[in-house]
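Numbers here are sequence positions counted from 1.
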Amino acid sequence: MRNVGWIIGLAAGAFVALLLSAFGQDSLFRIHMGLVTAVLALGAVILMRLPQVARVPAGVIESNKQGYFDDPIRIGSVLIVFWGAVGMLVGVIIALQLAFPDLNFGPWLNFGRLRPLHTSGVIFAFGGTALITTSFYVVQRTSRARLLSDGLAWFVFWGYQLSLFMAASGYLLGITQGKEYAEPEWYTDLWLTIVWVAYLILFLGTIIKRKEPHIYVANWFYLAMIVTVALLHVVNNISMPVSFLGSKSYSLFSGVQDALTQWWYGHNAVGFFLTAGFLGMMYYFMPKQAERPVYSYRLSIIHFWALIFLYIWAGPHHLHYTALPDWAQTLGMVFSIMLWMPSWGGMINGLMTLRGAWDKMRTDPIIRMMVIAVAFYGMSTFEGPVMSIKSVNGLSHYTDWTIGHVHSGALGWVGMISFAAVYFMVPRLWGRRQLYSLRMVNWHFWLATIGIVIYAAVMWVSGITQGLMWREYDSQGFLVYSFAESVAALHPYYVARALGGALYLSGVIVMAVNIWLTIAGKVRSERPLVAPATVQPAE
């Protein structure tokens, strides 16, 4: 029987989870461990029922070891699209719940539980799976070396997916720490820490055994993401469980120290998970798709070190006008403004990589996706420093302007560069000559771009409207508008936001069909995106 070790491991894990469920101290913990038991047991059954394959001679196995290990990358490419569709669908649902509150169905499907499901689904399920999958692809090809260990690669890949299931099911059950981007409780955090350390060993070990003497810059960005996220995750989630057989824990930190630790984590989750890792994606896939070298390798190194040094200090700008000491708020603001320079250095480097290949923008919608992703990266990394300035922050913070800013980065930058990477990888991973349809990629591009523009624009207007209404005073010093009046004024913007999100989701669905048919080996007969120029006879 194949996969005996994995079957035994999954069965043992299911047994341990069953014991935890049986002896749990609270009902939520027991239910949660019961769900984990079911998932692990199902995994063991699936492995046992996998078809047997003929035994391959040792020499052939050894020769195959010299190639790249792409099996988890293939599954990951499919899961990127799946998690993208799920995350965006939940986003559309909660946007509609804000516009039409009657769509809240409690307790499991109300806004309070679906909202962290959406943020974690897009950031960690869609974005995290994209990072792990593409880092496996990139590190092997830029190092000319197979991943350090096939077994460790499978453990990292499926272990991360298990952590996503534990987090998502916990949100719906109401198991949460109440920390932005860090909602999972202590036992889920502990499991993710184990998986993430294994990821670091796998990635670093592959670089160490490389056959290419130079470490390509994309690997520096991926490695910085892995190391820094490990540090952020561990420190921010240090907590004491009420019981080691219970779902509730309390943070080691309290008061303003807890707030500062949380936003040191929160902003650097954006800085390293959603920026540095996806810059690694940009530095590999953009030159490959454009068939041009990186515009300036020296600029990419400057970009890397400046970004790594400056980003880690920017978190306090989330705590303007709070109990945090004023000097710490100012420090966060100053470093946030300084971040604009290296960020735009990276944007310029990405766009200038197309020097001499701008004609591809007319014929290659994948290049268009990459360009619009880099453009949104530049816009978001300009808007962020502006919003960190105290006087601007006094208007923008706690309003929908921040929501618009986050989504222009998440959907415009993270989403588009991830979609482009999948479009690049899938034909090569399955040995296909081309994608099923370039015109469907073009439809995806326009649906996503229009959706983002609608979403961000209405959230900017909505946020500024909120900020102005909240601080409008009359001649006697009383607030002119009640909070309920400000909510009523935002209704049309919330409906428009749901429309923008629905357009973006429809683009992901078009992509899913395109990828599925590409994997199936089908090619659509279609006219080229740009008709060839007709030669006019000379007069």
Side-chain angles (χ1 to χ4, degrees), residues 1-22 31-58 60-65 67-83 86 124-126 128-137 140 146-170 187-188 190-199 201-203 205-206 425-426 429-431 512 515-516 519-520:
M1 184 185 293
R2 300 172 60 208
N3 305 312
V4 174
W6 287 107
I7 293 170
I8 293 173
L10 286 170
F15 180 69
V16 171
L18 182 62
L19 289 177
L20 292 172
S21 178
I31 295 171
H32 207 192
M33 287 299 103
L35 292 173
V36 174
T37 301
V39 168
L40 294 177
L42 180 62
V45 171
I46 290 172
L47 282 182
M48 284 190 288
R49 294 186 62 83
L50 282 178
Q52 300 295 308
V53 294
R55 186 174 296 277
V56 183
V60 176
I61 294 176
E62 189 58 36
S63 66
N64 288 341
K65 288 284 184 181
Y68 300 136
F69 184 48
D70 287 341
D71 289 351
I73 304 173
R74 291 188 186 95
I75 298 175
S77 299
V78 174
L79 284 179
I80 292 168
V81 182
F82 171 77
W83 286 126
V86 170
F124 298 114
F126 170 66
T129 302
L131 288 172
I132 290 174
T133 301
T134 57
S135 67
F136 285 2
Y137 186 92
Q140 292 185 92
R146 191 181 179 92
L147 289 173
L148 178 66
S149 164
D150 295 2
L152 191 59
W154 281 124
F155 174 78
V156 170
F157 184 82
W158 288 117
Y160 186 75
Q161 298 303 312
L162 177 60
S163 74
L164 296 175
F165 171 78
M166 293 172 69
S169 56
Y187 51 94
T188 304
L190 187 60
W191 172 249
L192 180 57
T193 302
I194 295 169
V195 172
W196 206 258
V197 170
Y199 183 23
I201 294 170
L202 177 69
F203 193 85
T206 305
M425 291 190 299
V426 164
L429 289 169
W430 272 271
I515 293 298
W516 179 265
I519 293 172

Exercise. Do Gln140 and Asp70 have side chains that get closer than 4.5 Å, going by heavy atoms?
Worked result: yes

Exercise. Between Thr133 and Ala130, is there a donor-acceptor pair closer than 3.5 Å when you use the side chain of the first and the backbone of the second?
Worked result: no

For this session: Return the set of residues passing side-chain hydrogen bond (donor to acceptor under 3.5 Å, both in side chains) with Tyr137 (not counting sequence neighbours), or none when no residue passes.
Result: none

Seminar exercise, completed: Looking only at heavy atoms, the pair that brings Ala41 and Ala14 closest together is N-CB, 3.9 Å

Problem set entry | Where Leu147 and Ala153 come nearest, the two heavy atoms and their spacing | CD1-CB, 3.8 Å

Problem set entry | For Ala17 against Val36, the heavy-atom pair lying closest together | CB-CG1, 4.1 Å

Exercise. Are any non-hydrogen side-chain atoms of Ile519 and Val78 less than 4.5 angstrom apart?
Worked result: yes

Exercise. So does Phe15 have more than 12 non-hydrogen atoms from other groups sitting under 6.0 Å from CZ?
Worked result: no

For this session: Would you give the length of the straight line joining atom CD1 of Ile73 to atom CD1 of Ile80, rounded to the nearest 0.5 angstrom?
Result: 10.0 Å

Exercise. Of the non-hydrogen atoms in Arg146 and Thr206, which two are nearest, and what is the gap between them?
Worked result: O-CG2, 3.7 Å

Seminar exercise, completed: Nearest heavy-atom contact between Ala44 and Ala11 is CB-N, 4.3 Å

Problem set entry | Contact check, side chains of Ile75 and Trp154, non-hydrogen atoms, under 4.5 Å | yes

Exercise. Can you find a heavy atom in the side chain of Ser77 that is under 4.5 Å from one in the side chain of Leu429?
Worked result: yes

Problem set entry | Pairwise side-chain contact, Val197 with Ile201, heavy-atom cut-off 4.5 Å (strictly under) | yes

For this session: Begin with the C-alpha distance, continue with both residues' side-chain angles, and end with the deciding distance and a verdict on side chain to side chain contact (heavy atoms under 4.5 Å, CB included) for Ile8 and Val4.
Result: CA-CA 6 Å; Ile8 293 173; Val4 174; 3.7 Å; yes

Exercise. Got a second to check how far Gln161's CD is from Thr129's OG1, nearest 0.5 Å?
Worked result: 4.0 Å

Exercise. Which atom names give the shortest non-hydrogen contact between Ala125 and Leu164, and what distance separates them?
Worked result: CA-CD1, 3.6 Å

Exercise. With under 30° as parallel and over 60° as perpendicular, where do the rings of Phe203 and Tyr199 fit, or are they tilted in between?
Worked result: perpendicular

Problem set entry | Exam field: side chain Ser169 to backbone Met166, donor-acceptor pair closer than 3.5 Å | yes

Problem set entry | Phe126 side, atom CZ; Leu131 side, atom CG - distance, nearest 0.5 Å | 9.5 Å

Exercise. Which one of Ile194, Leu202, Asp150 satisfies the side-chain contact (heavy atoms from CB on, under 4.5 Å) criterion with Phe155?
Worked result: Ile194

Exercise. Could you state the interatomic distance from CH2 (Trp6) to CG (Leu47), rounded to the nearest 0.5 Å?
Worked result: 9.0 Å

Problem set entry | Pairwise distance CZ(Phe165) to NE2(His32) - rounded to 0.5 angstrom | 6.5 Å

Exercise. Going through the checks in order, is the side chain to side chain contact (heavy atoms under 4.5 Å, CB included) test met by Trp191 and Val195?
Worked result: CA-CA 6 Å; Trp191 172 249; Val195 172; 3.7 Å; yes

Seminar exercise, completed: Rounding to 0.5 Å, atoms CG (Asn3) and CG (Leu10) come to a distance of 9.5 Å

Exercise. Tyr160 vs Trp196 aromatic rings, parallel, tilted or perpendicular, using cut-offs 30° and 60°?
Worked result: tilted

